Amino acid sequence: MRYSQLFIPTLREVPAEAEIESHKLMIRAGLIRKFASGIYNFLPLGYRVFRKIENIIREEMDRQGGQELHMSALIPAEVLRESGRWDVFGPEMFKLTDRSSREFCLGPTHEESFTVSVRNEVRSYKNLPQILYQIQTKFRDEIRPRFGVMRCREFIMKDAYSFDRDEAGLDVSYRKMHDAYCSIFDRCGLDYTVVQADSGAMGGSGSEEFMVKSNVGEAAIAYCDDCGYAANDEKAQCVEPSGPAVSKQAGMFEKVHTPGIGSIDDLCGFFDCGAEKFAKTLIYLADGKAVAAVIRGDRDLNETKLQNLLGCVVLEMADPESIRKSTGAEVGFAGPVGLGIRKIMDLEVRHMVNFITGANETDYHLKNVNPADCGNVEYADIRNIASGDGCPVCGSPVKMDRGIEVGHIFKLGTKYSDALGCTYLDENGKERPMVMGSYGIGVARTMAAIIEQNNDSGGIIWPVGVAPYQVIIIPVNTTNEEQVALSEELYSKLIDAGIDVLLDDRKERAGVKFNDADLIGIPVRITVGKRAAEGVVEYKMRRDAKSTDMESGAALDRIRTDLGL
Ligand code: ATP
Ligand code: MG
């Protein structure tokens with residue numbers, strides 16, 4: 001393509017709303033434009049990269065026996081009511097009604113649509129297994145859309161679903177998807193790790209996430225260098241401190257007047273001690289019912305672990321009114337002693353001695369509290385793992401890292417097939433539920449993750465497999481006949497060779513063209529300048545600092561090598 005005819009609106013200025021490098025560069029390089037909060041349009045250059053990633057995904061899914069189809073984005077409410085998810089999604093789901101007041105949603109994911117389709121068509125074990133997938137638009141009204149296409153409200157996902165006769169079959173399908181994902185992310189040039197992930201309260205026997213290591217990643221990963229364990233923080237298990245819990249006798253605590261001091265920070269100042277001396281009590285509503293979660297003051301509660309333990313559909317922090325009702329005190333003074341609601345206490349608190357808690361009385365705390373004072377409590381792992389905690393497998397201290405979740409594979413088991421009646425007849429004519437898996441990749445998030453890992457101060461450095469164009473030819477002087485002629489010759493040869501090539505025929509200064517070529521990240525740059533008459537060009541890889549002069553024929557050979565053709 002000829003640059004002069006293309007719609008590539010690059011920007012010199014860094015857009016104000018963009019916080020992270022990939023977001024800035026996607027806007028500056030003219031790949032995307034914001035349309036509304038969490039809603040982006042892809043421009044031609046961006047869409048070329050998008051399609052390359054999509055095609056890599058397609059090829060690897062097909063290689064593993066996946067079959068592509070396309071489901072409607074509009075989903076009738078009944079389908080999600082059947083699985084019980086109509087209410088579970090809450091405000092994240094875009095709901096709408098048609099002219100006859102029938103309810104629909106814009107699909108946030110498609111487990112139900114696939115399950116219903118297979119239920120209606122597949123009856124016999126002879127037609128299993130099946131792996132079906134689509135590359136299609138999802139809608140989620142995210143609370144905090146951010147970082148451009150990393151977390152947006154309309155996005156394209158590759159979602160696949162497998163249907164098997166039994167768990168052993170599911171293991172095979174799951175493994176195939178795992179392998180497909182590794183090939184996909186390898187071909188995208190990403191440095192990623194596969195981590196164990198939470199598989200939810202309701203069924204599901206295993207789940208892994210593909211994490212691209214990045215300090216702007218929203219996911220926290222715990223990993224162990226000694227044994228190779230890696231899990232996201234929703235899943236990573238905290239080990240109970242070793243040794244028996246110290247059993248102090250009950251009733252040694254005293255009430256302390258703490259007027260208006262309810263936050264851990266203020267309390268640390270007041271009591272002149274660290275946050276680890278406190279047991280903080282958080283009041284939650286689990287499907288509307290108040291429960292208390294008690295963790296050490298310097299720890300973070302893990303809502304996923306708590307929700308899995310409680311088995312509730314909706315878990316939310318209690319509002320001030322509910323807190324007053326269940327504790328008898330204003331917000332900030334809750335504590336486990338004498339609290340008359342269900343109490344879940346973190347395993348670590350069982351080992352704490354003489355700690356400080358709220359007194360369930362406004363403006364009062366209790367000090368020298370011990371577990372024996374807390375009455376009926378259930379102990380469980382409900383906190384986030386932290387750096388230095390023991391690895392749940394080998395006990396060595398774990399490290400924490402941040403990652404961008406680009407893909408997720410999930411053994412669903414029979415959760416959806418049971419709920420939606422997706423059964424088959426086995427060899428003996430017996431009806432059995434199909435055993436399912438689901439597998440997602442965010443296409444645009446993958447694109448942003450590639451940029452996060454591949455950029456420098458000049459712009460994007462596309463890995464060759466996903467670059468919008470593989471080669472850019474820059475004639476330094478577009479009024480010089482020899483330079484133009486050699487550029488045109490190379491251009492047509494590359495087109496004939498099936499290489500995606502961009503000819504920068506704009507009447508701009510060479511410096512401007514070089515900057516744009518760097519910004520949009522084309523892997524190979526051929527500059528046709530002063531030595532055009534001798535048939536010599538300058539060859540430079542975007543990744544390298546230096547260029548090399550070579551005969552144009554040699555440059556064509558080098559391109560093949562550098563592009564891995
Ligand atoms: P997250 O925890 O980041 O919200 P998720 O667990 O909701 O992700 P899944 O439902 O497993 O994500 O979706 C599969 C894939 O779709 C994710 O791995 C991610 O790549 C992509 N994805 C999910 N939500 C978004 C979003 N709001 N914007 C862009 N991509 C997304
Ligand atoms: Mg999400």
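The structure displayed is predicted, hence computed values, not measured ones. Just follow the structure's listing: the first ligand is 1, and inside any ligand the first atom is 1. One-based numbering along the sequence shown.
Contacts of Asp265 classified as side chain to side chain donor-acceptor pair (under 3.5 Å), with partners at least two apart in sequence or in another chain: none.
The shortest N or O to N or O distance between Val406 and ligand 1 is below 3.5 Å. Considering backbone and side-chain atoms alike, Ile441 places every N or O at 3.5 Å or more from each N or O of ligand 1. Considering backbone and side-chain N/O of Arg445, one or more are found under 3.5 Å from N/O of ligand 1. Checked against a 3.5 angstrom limit, the closest N/O atoms of Cys152 and ligand 1 fall inside it.
Checked for salt-bridge contact, Glu276 and Arg299 miss the test: no charged N lies under 4.0 Å from a carboxylate O. Note on Asp198 versus Lys235: no salt bridge recorded, every NZ/NE/NH1/NH2 to OD/OE distance being 4.0 Å or above.
Of all atoms in ligand 1, numbered sequentially from 1 with element shown, those under 4.0 Å from a heavy atom of Gly442 are 15 (C), 16 (O), 19 (C), 20 (O), 21 (C). Heavy-atom contacts of Gly407 reach the following atoms of ligand 1: 18 (O) (cutoff under 4.0 Å). Heavy-atom contacts of Val149 reach the following atoms of ligand 1: 29 (C) (cutoff under 4.0 Å). Interface of His408 with ligand 1, defined as ligand atoms under 4.0 Å from a residue heavy atom, comprises 11 (O). Remark: ligand 1 atoms within the under-4.0 Å shell around heavy atoms of Met157 are 13 (O), 14 (C), 16 (O).
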Salt bridge (charged side-chain N to carboxylate O under 4.0 Å, His left out) for Glu154 and Arg140? Distances and angles first, verdict last. CA-CA 6 Å; Glu154 175 183 326; Arg140 294 183 185 177; over 6 Å; no
Lys24 and Glu19: CA distance, side-chain angles, deciding distance, salt bridge (charged side-chain N to carboxylate O under 4.0 Å, His left out) verdict: CA-CA 7 Å; Lys24 289 178 192 167; Glu19 298 163 66; over 6 Å; no
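By the criterion of a heavy-atom distance under 4.0 Å, the backbone of Met150, and not its side chain, is placed next to ligand 1. If you look at Arg151 next to ligand 1, the close heavy atoms, those under 4.0 Å, come from the backbone and the side chain alike.
The number of heavy-atom neighbours closer than 6.0 Å to CE of Met400, taken from other residues, nucleotides and ligands shown, is above 12. Within a 6.0 Å sphere centred on NZ of Lys289, heavy atoms belonging to other residues, nucleotides or ligands number 12 at most. Remark: Lys34 NZ is packed, more than 12 non-hydrogen atoms of other residues, nucleotides or ligands lying under 6.0 Å away.
Heavy atoms of Asp159 come nearer than 4.0 angstrom to ligand 1 in no pair at all.
Both cation-pi conditions hold for Lys95 and Trp86: the charged atom is under 6.0 angstrom from the six-membered ring centre and inside a 45 degree cone around its axis.
When Glu218, Glu405, Arg153 are ranked by how near their heavy atoms come to atom 12 (O) of ligand 1, first place goes to Glu405. Relative to atom 27 (N) of ligand 1, the option among Glu154, Glu209, Glu142 with the closest non-hydrogen atom is Glu142.
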